[in-house]
Amino acid sequence: MQEAIPFRTYIPATATSGGNRKFPPIGSATTIGGNVLVPANRENYVQKLVLENSVIVFGKRGCCMCHVVKRLLLGLGVNPTVFEVDEKEEAAVINELSNINGGKDVGEVGVQFPVVFVGGKLFGGLERVMATHISGELVPILKDAGALWL
Amino acid sequence: MNSSSTQFVASGRMGMYEPIHQIGMWGENFKSNGISNASASIFIAGNLNSSQSILMAADTKLDNQSEDTSQGTLGPSSKYDLEASKPMDKVQRRLAQNREAARKSRLRKKAYVKQLESSCLKLIQLEQELERARHQGLYIGGAETSQMGFAGQIISGIATFEMEYGRWLEEQNKHIRNLRNAINTHLSDIELGVLVENGINHYSELFRMKAIAAKADVFYLMSGMWKSSAERFFLWIGGFRPSELLQVLKPQIEPLTDQQLLDVCNLKQSCQQAEDALSQGMEKLQQTLAETVAAGRLCEASHMPQMDTAMEKLEGLVRFVQQADHLRQITLQQMSLILTIRQAARGLLALGEYFERLRALSSLWVTSSREPA
């Protein structure tokens, strides 16, 4: 049965322990389902991911800041896809991301992981997420991108 | 002929010795007072011993000037012929003695003052070191920190921060007083606006200082040792909770319009969510750090691969402090956007006074806990 997503609910913390990184799918139609992806084929994979997900977070494996972004977005009722980047893939991923629309800033010294893409475009890092959240701009942006349903 | 250590006054051509009252301490450097007589010098009896040795020394230098030099006698000088100029002699001698005494006294005073100055400097140095040591629980002399390399950097980074924080607190008290006066004297909105902006910028200044200190020693910052004990009780990632800020402000800024009420409510919720996200991130950091440190076989504590991983994780702490401070800053800024200038002024004043009272509470607590039960 399709469960209605209440606006701004807190998702119960069932999937937050260190080992298990799968997110319970909440039934949103457009996202892949919020699962953590370990892609086999790198060709344009990253690009496809960005375009296909309304919200996707790229973070280094085991990074706690990435966890902060995840928790924040989850708390808003968003089901973000999380792409965990291995150290070895880091350069390649950054390279691909910089080719994406609006992604050219990734890979510059200032931008560091975690980095969030919303609606196929680069959104920013944790600081931007926090700032837009406090100012109240984040939720409308997420809604526009289809990541949030009323 | 004059010697540097001993000299004699000869009246006329003969050396004349008279019992002379002790004037003062016998000085080593002893110049001729300008009596033109080639063998003129002043003989002053110090204590018996010194005068004896002086006499001895003098004797060896005298070349047949006195007919009857007695070794170590200080008796009346009736052995020598008295010249008619005896009264003049006495006067001259007395003058010379006075000059000598004055000179000696000046030298003594100079030495004393120099000693005082150096002791004073040393005292100031010691006090500074003690201050630093009291804060850091380490006693290290000033000169040594520069030789300690990286550890010295940490200590000097912390010492710098503490000094700057002390100054920040003084500035903060000034800001609070200005705000209070401005509100009580009903200054114009423009002037109030300037004060509000200065107030918020002052907090930004603190966050800037903390960012630098975090790079030097993030644990120190997280410990909150630089804050008073009551403030430390409420510590959250190296500072105050942003949601606490809103709690303090709320009663002071009423009455609010409906729109303002809604905005404040939203801000409160967003703030809480952001705070929770950061707290959860911190928990995860602790968890993974604990796992990292606990992993591996039992062997020596240092130089294990997981230590490198653990070190990397600790670097993450610096980012947490930065993000927490960032959240504090944007919460303050958003609040100032929602409120009118007058409300914002009252809010800032309330916030400043709140922390001031916490600090006062800390001092009160310390003094009261010292009293016997």
Side-chain angles (χ1 to χ4, degrees), chain A residues 6-21 57 59-78 80 82 84 86-87 90 110-116 124-142 148, chain B residues 211 237 242-243 245-246 259 262-292 295 306 308-310 312-338:
Chain A
F7 177 54
R8 286 190 180 201
T9 44
Y10 278 85
I11 312 273
T14 51
T16 54
S17 59
N20 179 6
R21 291 179 183 283
V57 181
K60 285 202 231 183
R61 191 178 296 280
C63 170
C64 294
M65 282 297 163
C66 187
H67 190 76
V68 173
V69 177
K70 269 174 359 196
R71 298 310 307 180
L72 187 56
L73 291 173
L74 280 177
L76 296 178
V78 177
V82 178
E84 286 186 342
D86 261 335
E87 253 184 80
E90 206 176 312
V111 181
Q112 42 174 199
F113 289 121
V115 68
V116 181
L126 175 60
E127 236 173 74
R128 175 127 201 263
V129 172
M130 288 278 190
T132 50
H133 179 51
I134 293 290
S135 66
E137 300 164 321
L138 184 60
V139 168
I141 292 176
L142 289 174
L148 255 186
Chain B
I237 311 189
S243 50
L245 189 163
L246 297 174
Q259 182 60 44
L262 183 65
D263 288 337
V264 169
C265 203
N266 285 340
L267 178 59
K268 201 156 187 232
Q269 191 173 18
S270 315
C271 192
Q272 191 63 55
Q273 287 166 334
E275 224 175 273
D276 289 345
L278 278 173
S279 296
Q280 284 166 345
M282 278 293 284
E283 273 174 32
K284 174 136 192 296
L285 182 63
Q286 279 183 329
Q287 197 184 341
T288 50
L289 185 64
E291 283 171 6
T292 306
Q306 54 257 47
D308 295 326
T309 325
E312 269 175 44
K313 302 227 173 285
L314 286 179
E315 312 276 313
L317 258 182
V318 178
R319 279 188 79 184
F320 268 100
V321 173
Q322 282 174 341
Q323 290 302 322
D325 278 346
H326 175 67
L327 183 60
R328 289 172 187 120
Q329 182 159 25
I330 55 183
T331 306
L332 267 174
Q333 283 167 347
Q334 183 68 12
M335 208 47 186
S336 74
L337 286 177
I338 296 173

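Here the structure is a predicted model, which means the values were calculated and not measured. Any value given below was found using the heavy atoms of this structure, including those in side chains, with hydrogens, waters and symmetry copies removed. Just so it is clear: chains get the letters A, B, ... in the order the sequence lines come, proteins before strands, and each one is counted from 1.
- Among all heavy-atom pairs drawn from A:Ala131 and B:His326, the shortest one is CB-NE2, 4.2 Å.
- Most heavy-atom pairs under 4.5 Å with chain B: of the set A:Ile134, A:Leu73, A:Leu72, this distinction falls to A:Ile134.
- You'll find the side chain of B:Gln323 stays beyond 4.5 Å of the side chain of A:Val68, heavy atoms only.
- Only the side chain of B:Leu327 comes within contact range of chain A, with heavy atoms under 4.5 Å apart.
- Of the inter-residue distances, the one linking B:Lys284 atom NZ with A:His67 atom NE2 reads 6.0 Å to the nearest 0.5 angstrom.
- Between A:Ser135 atom OG and B:Asn266 atom CG the span is 11.5 Å, to the nearest 0.5 Å.
- A pairwise comparison of heavy atoms in B:Gln273 and A:Gly75 identifies NE2-O, 4.0 Å as the closest pair.
- Considering all non-hydrogen atoms of both residues, A:Cys64 and B:Gly281 come closest at CB-O, 3.8 Å.
- In this structure, the separation between CZ on B:Arg319 and CE on A:Met65 is 5.5 Å, given to the nearest 0.5 Å.
- For the pair A:Met130 and B:Leu278, the minimum side-chain heavy-atom distance is below 4.5 Å.
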